[in-house]
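Below is one structure; the comments refer to it alone.
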There are 2 protein chains.
Amino acid sequence: MADRVTITTVARHAQVSVQTVSNVLNSPHLVRPETRQRVQDAIDALGYRANQAARQMRTGRSRLIAARIEPAQDGINGSILDRFLHGLAEAAAPARYRVLLYTAADDAAEIATYEDMLSAYDIDAFVLTSTHHADTRTTWLAERGVPFVTFGRPWDAPGSHPWVDVDGAAGTAEATRHLLRAGHRRIGFIGWPPGSGVGDDRRSGWAAALAEAGIDCHGLDAVTADGVAEGVAAARDLLTRAEPVTAIVCCSDSLALGALHATGGAEPAVPGPPAPGRIAVIGFDDTPVAQAVGLTSIAQPLGEAATHCLRLLATQLDAPGSRPPGDGQILLTPALVPRRTA
Amino acid sequence: MADRVTITTVARHAQVSVQTVSNVLNSPHLVRPETRQRVQDAIDALGYRANQAARQMRTGRSRLIAARIEPAQDGINGSILDRFLHGLAEAAAPARYRVLLYTAADDAAEIATYEDMLSAYDIDAFVLTSTHHADTRTTWLAERGVPFVTFGRPWDAPGSHPWVDVDGAAGTAEATRHLLRAGHRRIGFIGWPPGSGVGDDRRSGWAAALAEAGIDCHGLDAVTADGVAEGVAAARDLLTRAEPVTAIVCCSDSLALGALHATGGAEPAVPGPPAPGRIAVIGFDDTPVAQAVGLTSIAQPLGEAATHCLRLLATQLDAPGSRPPGDGQILLTPALVPRRTA
DNA sequence: TTCCGGCAGTTGAACGTTCAAATTATGCGG
DNA sequence: CCGCATAATTTGAACGTTCAACTGCCGGAA
C-alpha cells in the first residue's frame, strides 16, 4: 500500500503550509491566485483527496445523508422507494454528499437509529419517507434541530418542515378528465379506507374532476384495503350496482390490476389504443406491473422528487439558518401514462 | 444542544483514564471486572456512543460498506436489487456496519468512485452486483487489496475472490422437473443470447433436467433479448414448430409474461391450481409482476444472499488474512414458487 | 531479601484536518 | 523612506479516539 497522500504531503510538494492547502480547498479567495494554482497543481499531481474523517472531526459535518430502505412490502407497490433512493444517491453525488442506508421496523426503532447515527456518524441530515398522521419521527428530529426533509407531506401540520410530495389529487384528477374526454360519465373510484393522507388525497382529485364536469360522485366509489384480490372484489361491487360504472380510477396499481381482472381486460403488454366498449381502468404509481400489463397509470416523478429533497437539504446545510425559497414546500405533479386500458 | 458526551466525560464519571474506557470498549479482557462494570455503568448512565470519525482516524476503519444502487432498468426485473440492498442493510446493522450507496454509469465510472470513496471515506469493503465477463472492477479491487464480495459469480476466474450467487441452473432444473412430473415431455426454453453467464447457466439447468429424463432438448429452445414483446415472439415461435412444446421455462419473468400472453393464459392473480390443457409457463426471479399475474416463477433467496455477503465480509474484516470457511464461495439454491401457470 | 514476570491501569503521542490567532509580506499615502 | 492598513501565509491548538510505551503493584522463585 503506497503511503497515504495527506494535506501535509501536498503542502510540502507545493512549498506552502498545510493551512494554505486547506484554504485553497475551503476558502480559495484567501489565497493569492498564483499560490492557489501551485497548490492545485500539487493536488492534481499527487491525486490528493481530503480525508473525510479528519475533516469531520474538526467541523462536525459528515456529508452523509441517511435514508431508510424498507422491506419490499406487498411487492407490487415496492420499487417506488427503490427508484427514489437511486435518484437520491445520484443527486447527492455532485453535491459531494453520500447516502447512508438504515432499516427500522417501526417509528420507535427508527428514532433509536437516529440517536445512534447522529452520535456515532454525525449524520448531517435525514430523508424520511412514508410520512403518516401523528408521525413522531418529525417532531423528534425537529426538537433536536436535526435537518431533514420528508418525501411525503406532513399530514398534520402543513408548514412545519421542508417537504417534497407528489400531488396525488392532481394525478387522479387528470386521470378522471382523461376518461371524461373519452366520453365516460360514470367513472368509479376504488380507494383505501379514509384516514390515510395519501388515499384521501387521491380520492379528492377524482371527486373534484367529476364535480368540475357537473357529475355527482355519490355512489360511484368503493373502499377497500390495498391488494389485487381486494381490487377484484371492489370492481365487481362497482359493476353490479344499479347504475354500473364504465371506467374506474384506482388508488394503486394493485387495485387496478384486480379491477382489470374483474372486468376481463388483462392481457399483458400489447401496445395499441384502448379497446372500445371495455371498462376503462387507471392505476396509480406506474409500477413495473402496469408497464408489463399495459395498464394506464399515473407516474410519480421520483427522480425529480429526489433531486428536490436533496436541494432542500443542501441549501439548509450549506447555508445554515437560511430558508429555502418557497419555504421548502414542494408539490410535484404526476403524469398520466396512457396505455391499453384507458 | 447539550455538550457532547465523549470518552473523556465517561472517564471522569467512572474515575478512570480515557484509555481504560477505550479498553472496556475494545479489549474488555484487559480490564478488571469491577472496573469494567463501573465504566459500563458510566457509559449507560451518560448514553455515551463512540465517535466513529475519531475512531476511524486512528484505526483507518470506517465500518462502512459501499454498494451500488442501479437505475430501475427495464423495470420488470428491477426490485431484485432493492430487496438485496434491504437485506444487506439489515444484515449490516447487528455487525455494526452500515451501507453507503453510490451510483455509476459504467465500470470505469465505478472504479473512479472506488478511488474517491476509499481515499475520502476509508470504505472498509465493497459489495458488487451484476458481475459479468471481463469485469474490470474485481481485478482493480483485488490488485489494491480492498476487501469485497460479489453477488454473482466471477464468470471468468472461479476461485479468485469471495462471492455469493444463486444457482440458476438448479432453479431451471427444478422448474423443468416440476413440469416433467406434471406429465409434460416437450418442455421448451426461452433464453438470452449465449455469452451472458447468468443466461447460459439458467439454460444449462433446463437442458440437464431434460437429459436426466432421457429427452433430447434439441429444437426445444428459442433465443432472444429480454422483454415482454420478445417473449411473445419467442413463444409463438416455439408453438408453431413441427412438434410444438406444451410447457415453457423462461429466463426471466419478462419473457414469461410474454409467453403467457402468446399462449393466452394471462389473467391476474386468481389463486388456484393450474388449468389443465393450457401451455404451462414458468418465469425467473419471482418479481412483483409474477406475484400479481399468478405466474409460477423461481425465487432467489435474496435476503439470505445478502446475509452471506455480509458474513463473508465481516470475517474478512474482523480477522484480516483469514479465509472464510469454504473459501468464501457460496452458491444458494433458489426455490420454485408454484402458481397458476404451471 | 532480591529480582522477575505479569496484571491493571496511566501517560503521551499520533491520526488529518480546520479554527483562531499570530506573523510576515505588500501596497499606499504622506 | 517611514508608518500603517490590509492581504497572504504560518503557527499552535484542538477535535475524540487508539496505539505503544510506561509505571506501580503483587506474588512467587532464587
Side-chain angles (χ1 to χ4, degrees), chain A residues 1-40 42-43 46-64 96 118-122 124 318 320, chain B residues 1-40 42-43 46-64 96 118-122 124 318 320:
Chain A
M1 192 92 57
D3 302 318
R4 177 166 214 136
V5 178
T6 77
I7 205 174
T8 314
T9 325
V10 177
R12 248 199 308 270
H13 195 271
Q15 318 239 52
V16 292
S17 70
V18 290
Q19 184 57 48
T20 301
V21 179
S22 173
N23 285 339
V24 169
L25 263 46
N26 304 306
S27 321
H29 63 278
L30 292 179
V31 182
R32 189 151 35 110
E34 58 191 45
T35 315
R36 197 189 307 162
Q37 189 57 53
R38 188 151 40 92
V39 171
Q40 193 57 58
I43 289 175
L46 297 167
Y48 167 75
R49 280 169 154 101
N51 181 278
Q52 183 54 39
R55 188 172 262 183
Q56 179 177 341
M57 271 250 279
R58 267 319 274 173
T59 61
R61 326 285 302 281
S62 61
R63 303 203 79 81
L64 248 35
R96 309 246 70 204
L118 286 172
S119 47
Y121 283 92
D122 285 319
D124 284 350
D318 297 343
Chain B
M1 193 87 62
D3 303 318
R4 175 164 217 138
V5 178
T6 76
I7 204 173
T8 314
T9 325
V10 176
R12 249 198 308 270
H13 194 272
Q15 320 238 54
V16 292
S17 69
V18 291
Q19 183 58 45
T20 301
V21 179
S22 173
N23 285 340
V24 169
L25 264 47
N26 305 305
S27 321
H29 63 279
L30 292 179
V31 183
R32 192 152 35 111
E34 58 190 46
T35 315
R36 199 190 303 162
Q37 189 56 53
R38 186 151 42 92
V39 171
Q40 193 58 56
I43 289 176
L46 297 167
Y48 166 76
R49 278 167 154 103
N51 181 278
Q52 183 52 40
R55 190 171 259 184
Q56 178 176 344
M57 272 249 278
R58 270 313 281 177
T59 61
R61 326 285 301 282
S62 61
R63 303 205 78 83
L64 248 35
R96 309 246 73 204
L118 285 171
S119 46
Y121 283 91
D122 284 321
D124 283 350
D318 297 341

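Just so you know, these numbers come straight off a predicted model, no measurement behind them. Side-chain atoms are counted along with the backbone in the values below, which use heavy atoms only and exclude waters and symmetry mates. Labels below follow one simple rule: chain letters A, B, ... track the order of the sequence lines, proteins then strands, and each chain is numbered from 1.
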To the nearest angstrom, the OH-C1' distance between Tyr48(A) and dG16(C) comes to 7 Å
Asn23(A) atom CG is separated from dA21(C) atom P, nearest whole Å, by 15 Å
Arg63(A) atom CZ is separated from dT18(C) atom P, nearest whole Å, by 12 Å
Checklist entry - Hey, does Thr20(B) reach any base, or is it just sugar-phosphate, or nothing, if we go heavy atoms under 4.0 Å? => result base
Verdict with supporting geometry, Arg38(A) and Gln15(A), side chain to side chain contact (heavy atoms under 4.5 Å, CB included) | CA-CA 9 Å; Arg38(A) 188 151 40 92; Gln15(A) 318 239 52; 3.9 Å; yes
Atom CZ of Arg12(A) and atom C1' of dG16(C) are separated, to the nearest Å, by 13 Å
Less than 4.0 angstrom between a side-chain N/O of Ser22(A) and OP1 or OP2 of dT18(C), yes or no? yes
Leu30(B) CG to dA20(D) C1', in whole Å, measures 13 Å
- Task: Say whether, by atom type as modelled, one donor and one acceptor occur between the side chain of Ser22(B) and the main chain of Val18(B) under 3.5 angstrom.
- Result: no
Task: Validation row: Val39(A), Val31(A) side chains within 4.5 angstrom (heavy atoms) - done: no
Picking from dG9(C), dG16(D), dT9(D), the nucleotide nearest the side-chain atoms of Val31(A) would be dT9(D)
Whole-Å distance, Met57(B) CE to dT18(D) P, equals 12 Å
Would you tell me if any nitrogen or oxygen in the side chain of Thr59(B) comes within less than 4.0 Å of OP1 or OP2 on dC19(D)?
-> no
| query | Going through the checks in order, is the side chain to side chain contact (heavy atoms under 4.5 Å, CB included) test met by Leu25(B) and Ile43(B)? | reply | CA-CA 10 Å; Leu25(B) 264 47; Ile43(B) 289 176; 3.3 Å; yes
Closest to the 5' end of DNA chain D, once Val18(A) and His29(A) are matched to their nearest nucleotides, is His29(A)
Val16(B) has its side chain closest, among dT10(C), dT18(C), dG16(D), to dT10(C)
Distance criterion of 3.5 Å, no angle test: do you see the side chain of Arg55(B) paired donor-to-acceptor with the base of dT17(D)? no
Of dT17(D), dT9(D), dC19(D), the nucleotide closest to the side chain of Gln19(B) is dC19(D)
- Query: Quick one: is Arg32(B) getting a side-chain N or O under 4.0 Å of the dG9(C) phosphate, OP1 or OP2?
  - Reply: yes
Quick note, Ala50(B) side chain, CB onward, closest among dT10(C), dG16(C), dT17(D) is dT17(D)
Scan Ser17(A) against the nucleic acid and name what it touches under 4.0 Å (heavy atoms): base, sugar-phosphate only, or nothing. base
#### Entry: Under 3.5 Å donor-acceptor, Arg4(B) side chain and Ser119(A) backbone
yes
- Is the side chain of Asp124(B) donor-acceptor paired with the backbone N or O of Arg63(B) at a distance under 3.5 Å, no angle test? yes
Separation of dT10(C) atom C1' from Gln15(B) atom CD, nearest Å, is 15 Å
Ignoring backbone atoms, establish whether Asn26(A) has a side-chain N or O less than 4.0 Å from OP1 or OP2 of dT18(C).
-> yes
Which of dG9(C), dC15(D), dG16(D) is nearest the side chain of Ala54(B)? It is dG16(D)
Separation of dA8(C) atom C1' from Glu34(B) atom CD, nearest Å, is 11 Å
